[in-house]
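Here is the structure we will look at, set down as structure tokens.
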Amino acid sequence: MATTMHLCGVKTPHSAFSRRLQCELIPPPKPLYFALSVASVSGLCPRTLENSWRGSVLRVNCEGRSVDVIEKNKMENKNCDGLSNELTCVMKFGGSSVASADRMREVADLILRFPEERPVIVLSAMGKTTNKLLLAGEKSVSCGISNVSDIDELSFVKELHLRTADELDVDRSTVSRHLEELEQLLKGIAQVKELTLRTKDYLVSFGECLSTRIFAAYLNKTGVKARQYDAFEIGFITTDDFTNADILEATYPAVAKRLQGDWTSDPAIPIVTGFLGKGWRSCAVTTLGRGGSDLTATTIGKALGLREIQVWKDVDGVLTCDPNIYPDAEPVPYLTFDEAAELAYFGAQVLHPQSMRPAREGDIPVRVKNSYNPTAPGTLITRTRDMSEAVLTSIVLKRNVTMLDITSTRMLGQFGFLAKVFSIFEDLGISVDVVATSEVSISLTLDPSKLWSRELIQQASELDHVAEELEKIAVVNLLQNRSIISLIGNVQRSSLILEKAFCVLRTNGINVQMISQGASKVNISLIVHDSEAEQCVRALHSAFFVSGIAELDGECGSQNGCASMLPN
Ligand SMILES: Nc1ncnc2c1ncn2[C@@H]1O[C@H](COP(=O)(O)OP(=O)(O)O)[C@@H](O)[C@H]1O
Ligand SMILES: N[C@@H](CC(=O)OP(=O)(O)O)C(=O)O
């Protein structure tokens with residue numbers, strides 16, 4: 001008896017293929033499911049199939065062509081390009097990449113330039129929309145309901161999205177309901193004269209909800225089937241830490257089920273809002289912290305076990321330094337997840353601080369590319385890389401950090417002292433970035449992002465409270481306006497890096513107030529005063545990347561790569 005072979009992903013959008021995917025087979029002795037990329041298989045005896053497996057792949061000769069068939073259960077979370085019809089990669093485009101109708105057209109062209117990919121698209125809000133929405137919210141608190149319609153930032157957001165819809169020839173109704181709701185929300189804020197963190201998250205969510213709707217409508221209009229998704233409706237489940245929520249584990253299966261399920265039953269390019277989630281207790285819209293669309297992309301990559309995660313920016317990849325500090329900074333071709341995570345955590349705005357976690361857990365390569373210059377190779381981030389030549393990869397600056405010098409009054413033994421100090425931070429929910437200890441003292445810096453998410457007044461009283469608690473067991477010196485300079489690279493070569501770094505610092509008369517090396521295998525952190533930090537980074541960058549590490553040989557001195565401070 002002849003039967004039809006079950007194929008995974010048979011509903012391919014490439015209709016030329018799908019017509020050929022019916023094939024006749026003698027029923028196999030046990031149910032086997034296959035994914036097939038390009039051609040039909042006919043007349044194969046099940047015994048041949050069973051005997052011919054090489055690992056999880058069966059290579060058969062079909063109509064004179066070699067075809068790879070892969071067992072479905074072995075394919076779960078493994079998209080092998082060309083072997084299935086499943087989603088292959090995620091492409092995230094940041095605000096700068098979708099800032100206008102022209103940019104959206106270019107992004108659409110860019111996506112279609114890779115016909116072999118079946119991507120999930122993640123978008124941020126257009127251009128500076130998130131900042132404008134936050135400003136509009138703040139103005140609404142005090143302007144009175146009747147003046148809300150005249151808030152400049154509201155007019156800007158409305159005008160930008162309506163103009164973009166018009167220019168892309170997309171129906172205005174795609175965005176008009178959301179724009180009306182946005183104005184209503186601002187009037188609500190004006191009425192209660194209060195902007196809570198929860199409301200802030202709901203307010204900024206309009207940015208991503210609008211950009212994804214316009215883009216999906218544009219793709220559909222041009223004949224490319226696309227489907228818009230709000231992340232908070234498809235299983236992005238987070239903590240209820242409004243403005244800085246964490247993704248919870250339950251997100252991965254939920255998102256995979258929804259996106260994969262829809263794709264299998266009715267293929268259409270998914271266009272997902274970056275940055276947004278749904279609080280697991282509150283069920284309200286949450287956000288993942290500024291720049292959080294990178295985290296949305298890596299979360300989807302891990303959830304679906306995709307082949308690659310691409311984050312498209314307005315720079316040629318991760319650079320050797322923030323280009324706003326050193327305009328001639330160069331792209332870094334390769335990074336490990338560990339390097340990228342440290343770099344992001346310690347202040348490189350190019351990647352969200354938590355975004356490497358899902359990619360590392362799923363072992364999925366991340367490519368950072370430039371949507372304004374797509375042919376530039378960008379940066380490839382993977383689990384390992386060849387470190388034999390690596391010395392310094394990038395220099396990162398985190399400004400406006402608070403440093404604490406805490407000296408024990410010896411009321412506690414050393415064990416008790418460290419434990420007590422950290423329990424105070426735990427109780428107050430403040431995380432610590434860089435730490436150095438001696439027998440009776442500890443110096444540390446506080447993670448400003450955790451403090452920044454709170455109101456200024458709350459920050460000040462929180463710091464007072466920290467000091468008050470610590471003073472029960474120690475003498476505390478609170479030092480504000482400090483910066484962390486992170487030297488990301490191969491700590492195996494720390495002597496080389498430190499020799500050169502201190503040579504530069506000495507030449508420029510800079511005193512390092514604290515140093516930390518060892519906890520991370522890829523980062524050496526130096527704490528300096530804010531006022532010296534940028535110039536210090538410039539001098540270090542030019543010593544390492546312009547003069548070159550080779551010039552380390554010989555005496556420490558300004559002729560030997562120990563650059564003097566460059567002018568601002
Ligand atoms: N080390 C770095 N490498 C690359 N870009 C950096 C670095 N440090 C800071 N940046 C800044 O990050 C910006 C890109 O990040 P972001 O604005 O979040 O992009 P997008 O909005 O496109 O996602 C760049 O325009 C650059 O100014
Ligand atoms: N729109 C949000 C989220 C985001 O990720 O944006 P971008 O990709 O443009 O950094 C923000 O501005 O923070």
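Values in this document were obtained by computation on a predicted structure and should not be read as measured data. Counting starts at 1 for both ligands and their atoms, in listed order.
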How far is [atom] from its nearest protein heavy atom, and which residue and atom is that?
atom: atom 4 (C) of ligand 2; result: S293 OG, 3.4 Å
atom: atom 14 (C) of ligand 1; result: D314 OD1, 3.6 Å
atom: atom 17 (O) of ligand 1; result: Q349 NE2, 3.1 Å
atom: atom 21 (O) of ligand 1; result: G95 N, 3.5 Å
atom: atom 5 (N) of ligand 1; result: V350 CB, 3.4 Å
atom: atom 10 (O) of ligand 2; result: G291 CA, 3.7 Å
atom: atom 27 (O) of ligand 1; result: N324 ND2, 3.2 Å
atom: atom 23 (O) of ligand 1; result: K92 NZ, 2.8 Å
atom: atom 13 (O) of ligand 2; result: R290 NE, 2.7 Å
atom: atom 19 (O) of ligand 1; result: K313 CD, 3.5 Å
atom: atom 3 (N) of ligand 1; result: L319 N, 2.9 Å

Working to the nearest 0.5 angstrom, can you tell me the gap between [X] [atom1] and [Y] [atom2]?
X: I485; Y: I524; atom1: CD1; atom2: CD1; answer: 12.5 Å
X: D246; Y: L248; atom1: CG; atom2: CG; answer: 7.5 Å
X: K128; Y: L135; atom1: NZ; atom2: CG; answer: 12.5 Å
X: S486; Y: I527; atom1: OG; atom2: CD1; answer: 7.5 Å
X: L133; Y: L186; atom1: CG; atom2: CG; answer: 8.0 Å
X: Y345; Y: I484; atom1: OH; atom2: CD1; answer: 8.0 Å

Worksheet item: Looking only at heavy atoms, is any part of H352 under 4.0 Å from ligand 2, and if so is it the side chain, the backbone, or both, or is it neither?
Response: neither

Worksheet item: For ligand 2, does S124 get within less than 4.0 Å through its side chain, its backbone, both, or neither, judged by non-hydrogen atoms?
Response: side chain

Fill in: Any K128 heavy atom less than 4.0 Å to ligand 2
no

Worksheet item: E208: heavy atom below 4.0 Å from ligand 2, yes or no?
Response: yes

Can you sort out which atoms of ligand 2 are near [X], meaning under 4.0 Å from one of its heavy atoms?
X: G95; answer: 7 (P), 8 (O), 9 (O)
X: K92; answer: 8 (O)
X: T130; answer: 1 (N), 2 (C), 11 (C), 12 (O)

Practice prompt. Give a yes/no verdict on a cation-pi contact between K200 and F242, requiring under 6.0 Å between NZ or CZ and the six-membered ring centre and an angle within 45° of the axis.
Written response: no

Worksheet entry | Under 3.5 Å: N/O of D294 near N/O of ligand 2 | no

Worksheet item: Could an N or O of ligand 2 be found under 3.5 Å from any N or O of G292, whether backbone or side chain?
Response: yes

Worksheet item: Non-hydrogen atoms of S293 versus ligand 1: any pair closer than 4.0 Å?
Response: no

Worksheet item: Does even one non-hydrogen atom of S96 get within less than 4.0 Å of ligand 1?
Response: yes

Worksheet entry | Any side-chain heavy-atom pair of R103 and M126 under 4.5 Å | no

Discussion item. Could you walk me through whether R213 and D171 satisfy the salt bridge (charged side-chain N to carboxylate O under 4.0 Å, His left out) test, starting with their C-alpha distance in whole Å, then the side-chain angles of each, then the deciding distance to 0.1 Å, before giving a yes or no?
Written reply: CA-CA 11 Å; R213 278 172 173 77; D171 203 311; over 6 Å; no

Assess, by modelled atom type and distance only, whether the side chains of [X] and [Y] contain a donor and an acceptor separated by less than 3.5 Å.
X: S100; Y: D102; answer: no
X: E117; Y: T88; answer: yes
X: T336; Y: D338; answer: no

Practice prompt. Give yes if a backbone or side-chain nitrogen or oxygen of S394 is under 3.5 Å from a nitrogen or oxygen of ligand 1, and no if not.
Written response: no

Fill in: Main-chain N/O of V434 paired with T445 side-chain donor or acceptor, under 3.5 Å
yes

Worksheet item: Around atom CZ of R383, are there more than 12 heavy atoms of other residues, nucleotides or ligands at under 6.0 Å?
Response: no

Discussion item. Side chain to side chain contact (heavy atoms under 4.5 Å, CB included) for F346 and S394? Distances and angles first, verdict last.
Written reply: CA-CA 11 Å; F346 280 98; S394 188; over 6 Å; no

Proximal atoms of ligand 1 relative to [X] (non-hydrogen, under 4.0 Å):
X: V318; answer: 3 (N)
X: P323; answer: 5 (N), 6 (C), 7 (C), 10 (N), 26 (C), 27 (O)
X: G94; answer: 20 (P), 21 (O), 22 (O), 23 (O)

